[in-house]
2 protein chains.
Amino acid sequence: MPVVDTRQSAGEKLNARPDDQRKDIHNSDVPLLCRSCEARHRGICGVFNAEELTEFARHTRRVNHASGEELIGEAAGIDSYATILRGVVKLTKTLKDGRQQVVGLQLAPDLLGRVFGEESRLTAETVTDVELCKIPRKTFESMLAADSDLEHRVLLQTLRELDEARDWMVTVGRKTAPEKVASFICFIATHFHPTAALAPGKSVSFDLPLTRADIADFLGLTIETVSRQFTRLRTDGVISIAGNRHIEVADLERLRARCG
Amino acid sequence: MPVVDTRQSAGEKLNARPDDQRKDIHNSDVPLLCRSCEARHRGICGVFNAEELTEFARHTRRVNHASGEELIGEAAGIDSYATILRGVVKLTKTLKDGRQQVVGLQLAPDLLGRVFGEESRLTAETVTDVELCKIPRKTFESMLAADSDLEHRVLLQTLRELDEARDWMVTVGRKTAPEKVASFICFIATHFHPTAALAPGKSVSFDLPLTRADIADFLGLTIETVSRQFTRLRTDGVISIAGNRHIEVADLERLRARCG
DNA sequence: CGCGGATTTGAATAGTATCAATACAGGTGG
DNA sequence: CCACCTGTATTGATACTATTCAAATCCGCG
């Protein structure tokens with residue numbers, strides 16, 4: 001079953017803080033680069049006022065990555081953190097013989113990088129074109145040590161990731177292949193296109209950010225099984241598929257009924 | 001593969017803070033209840049100096065629970081947090097038809113309860129006799145808001161839980177039944193009996209805190225399959241079993257070789 | 001010692017993986 | 001604009017792992 005997205009309530013919690021009005025008044029002083037940035041409101045840097053943001057932006061650097069690039073390798077040293085501005089990143093773990101498991105999906109405005117970790121315990125790889133706002137590791141860590149509001153936001157994101165990971169453990173560990181695939185489509189529909197979830201009865205359509213191979217690695221299945229389940233959902237009239245990636249869900253409730 | 005336990009380094013990080021010596025000088029002022037408490041050093045309350053601890057202890061209450069008791073129900077309101085002083089607690093999620101997945105195991109000195117969560121998204125159940133140090137929800141949350149060191153410790157625990165959850169996703173999603181069971185025994189040996197991990201070549205023995213049913217729910221298998229794999233490990237001479245629960249691992253490396 | 005729950009063992013079955021071949025989509029260059 | 005080409009996805013036949021159902025055995029405990 002899909003997670004309740006805590007981002008909304010997290011934002012409210014922070015916006016309720018007393019010093020927040022001041023931040024809004026200084027809106028016009030925010031760095032040019034940040035002014036149109038969505039992450040500034042919902043992401044990690046949302047805790048900063050104009051002054052802090054200027055200082056922060058001095059160290060950041062926007063970087064683009066094509067789909068399929070490895071951002072962080074397993075057991076690689078971490079030299080920077082990044083906020084995702086656009087696109088989707090998959091977090092994977094790989095066994096010695098090559099079997100792979102996707103352990104998380106991140107998108108704007110998530111923070112990328114395991115805080116307080118000496119080295120990465122997983123691989124981060126882009127699955128779409130991605131735009132990042134990078135900041136050097138040391139810089140971010142000292143800001144984190146100095147700013148407990150910033151650390152608070154990191155905690156909120158970490159808690160959300162933990163909730164999500166645990167939801168997926170149920171799906172991966174206890175659901176059947178048909179249920180897994182239905183759950184995956186539900187997950188994408190509700191998390192990547194939040195408006196969809198709010199229109200019960202209406203049809204929802206979107207592009208899957210992942211290949212069948214990625215979906216298989218996410219669900220602990222093979223590509224063939226994933227494909228067969230997509231076909232089954234299509235022939236049963238629960239979804240329609242256009243050009244492999246584009247999915248239209250006629251009725252989310254009917255899909256949910258198949259999630260176990 | 002087992003996680004590197006971050007508790008040690010977390011403790012060091014905090015102990016390195018400048019105000020820490022002061023805390024030690026006042027050791028004799030710590031509340032009687034806390035003085036012999038292991039959790040005070042490694043757990044959440046390790047951030048407090050004597051004064052703070054006295055204030056903290058004014059709100060806490062020690063509670064005992066027998067094995068098999070439900071501490072928090074799924075979708076139940078949370079009215080208190082607790083530090084585990086002794087015993088093991090399993091965190092589970094259940095599908096509508098009763099299929100269950102264990103999504104985490106907690107033991108002393110872990111904090112029990114999803115911070116900033118309106119209601120629990122999982123069930124917490126004791127699997128051994130358990131002793132808790134409970135504190136009312138509101139009290140703990142206001143301390144959390146006021147004390148960023150406390151929040152820092154919560155963040156460290158959350159990060160550790162996230163790492164662990166992701167490790168298990170690989171095991172549950174991508175390993176075979178024999179590998180899953182071997183991984184589980186390894187996990188218990190290294191996490192619940194940390195000294196064991198430090199004695200390569202030497203035999204390790206311990207009691208499993210979980211029943212076959214719990215292990216099955218943890219690994220996404222059936223009891224029968226778990227049992228068969230235990231038998232196989234026994235007949236292969238990798239482990240020996242006494243009275244169902246007691247396990248002796250002759251050579252951890254041989255067990256590790258079967259973890260995939 | 002005997003009871004009840006937990007565990008082990010066995011045989012049959014179902015579900016998913018594997019191996020192999022085909023079809024399709026999307027991009028490239030003529 | 002179309003034909004080609006490559007990587008991706010689908011489909012099919014078979015093998016195998018883990019589940020299911022059933023029965024026997026073991027363990028802890030009164």
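Chain naming here is simple, since letters A, B, ... match the order of the sequence lines and numbering starts at 1 in each. Everything numeric in this text was worked out from a predicted model, so none of it was measured.
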Spell out, as yes or no, whether a donor-acceptor pair under 3.5 Å connects the side chain of B:Asp251 to the backbone of B:Glu253. yes

Is a side-chain N or O of A:Arg99 found less than 3.5 angstrom from the main chain of B:Arg174, in a donor-acceptor match? yes

Would you kindly give the [atom1]-to-[atom2] distance between [X] and [N], to the nearest whole Å?
X: A:Leu219; N: C:dA17; atom1: CG; atom2: P; answer: 10 Å
X: B:Asp214; N: C:dA6; atom1: CG; atom2: P; answer: 10 Å
X: B:Leu233; N: C:dT7; atom1: CG; atom2: P; answer: 16 Å

Evaluate whether atom CZ of A:Arg234 has more than 12 neighbouring non-hydrogen atoms of other residues, nucleotides or ligands under 6.0 angstrom away. yes

Do B:Arg256 and B:Thr190 have side chains that get closer than 4.5 Å, going by heavy atoms? yes

Parallel under 30°, tilted from 30 to 60°, perpendicular over 60°: which one fits the rings of B:Trp168 and B:Phe187? perpendicular

Going 5' to 3' through nucleotides 5-19 of chain D and flagging B where a protein heavy-atom sits under 4.0 Å of the base, S where only the sugar-phosphate is that close, and - otherwise, we get ----SBBBB----SB

